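Below: the structure, in structure tokens.
We count residues from 1, following the sequence as given. These numbers come from a predicted model, not from an experiment. Whatever order the structure lists them in is the order used to number ligands and atoms, beginning at 1. Hydrogens, waters and symmetry mates are skipped; everything else that's a heavy atom, side chains included, is used.
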Amino acid sequence: MRPKIAAGNWKMNGTAAALTELHSLATGLPENPPQVVICPPSTLLFRATDATHGSPIQIGAQDCHTEGAGAYTGDISATMVADSGATHVILGHSERRDAHRETDADVQAKTCAAWAAGLTAIVCIGESEAERDADQTLDVIGAQLDGSLPDAVDAENTVIAYEPIWAIGTGKVPSIAQIEEVHDFMRARLTDRFGAEIGNALPLLYGGSVKAANAVEIFAVENVDGALVGGASLKAEDFAPIVAALAQS
Ligand code: PEP
């Protein structure tokens with residue numbers, strides 16, 4: 001049985017006032033909640049772990065450096081993320097691959113750093129609209145999986161998020177058949193590389209314009225184990241129904 005995971009990526013949104021959303025979310029969790037991981041900006045990590053103390057909500061960062069410490073102005077290390085009480089870190093989000101030129105090799109090195117600090121890596125991959133139009137989606141996804149994941153992957157240290165770039169923040173969502181095709185492909189690629197036990201145990205999230213209105217049908221897809229949610233994770237009233245849909249899936 002794979003865990004169900006609802007992860008929220010707040011991106012560069014949220015000041016201290018946003019911590020009330022965590023209280024509201026914790027109060028409204030369903031009876032048997034899935035794993036819920038909120039990834040606020042790094043300025044809120046310590047306060048977010050305090051705010052969720054005693055609730056099942058876990059906290060994650062949105063990036064970390066490959067090194068544990070050093071002369072890297074503006075960066076934070078996985079050790080610092082773990083020191084905040086966070087348990088997860090998003091790595092290789094398309095916004096970082098694009099704006100910060102992060103490569104698969106960078107993502108792989110950051111994943112190793114995350115593991116060394118005891119964090120679970122949420123590794124993001126996804127094709128551009130041009131790549132989908134050119135029928136290259138599965139090639140791109142396969143190459144990103146191969147390049148971004150270290151050999152020591154297991155179901156405790158890694159979660160994979162398929163996020164088609166063209167669906168992030170756009171309101172455009174792939175068809176259920178398209179999501180199913182990519183998730184089945186990822187499952188097969190992972191079992192080929194890591195063996196059936198690990199490959200079948202790795203949680204696979206879908207991300208890209210997930211809302212309460214489309215969550216139920218997305219979570220019904222066999223190899224979708226949850227979602228990485230951007231915009232709809234900022235407000236508890238938007239995220240709670242997605243968490244509830246996952247709990248019931
Ligand atoms: C994301 O940024 O990871 C994301 C999926 O964003 P949104 O849900 O807003 O499309």
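For Glu131 (side chain) and Ser128 (main-chain N/O), a donor-acceptor pair under 3.5 Å exists by modelled atom type. Not a single donor-acceptor pair under 3.5 Å links the side chain of Glu21 to the backbone N or O of Ala18. With hydrogens and angles disregarded, a donor-acceptor distance shorter than 3.5 Å links the side chain of Asn214 to the backbone of Lys211. Looking only at distances, a side-chain donor or acceptor of Arg2 sits under 3.5 Å from a matching main-chain atom of Asn200. No side-chain donor-acceptor contact under 3.5 Å links Glu163 to the backbone of Cys124.
Every protein residue with a heavy atom nearer than 4.0 Å to ligand 1 is included here: Asn9, Lys11, His93, Glu163, Ala167, Ile168, Gly169, Gly207, Gly208, Ser209, Leu228, Val229, Gly230, Gly231.
The existence of a salt bridge linking Arg101 and Asp106 is excluded, since no basic side-chain nitrogen approaches an acidic carboxylate oxygen closer than 4.0 Å.
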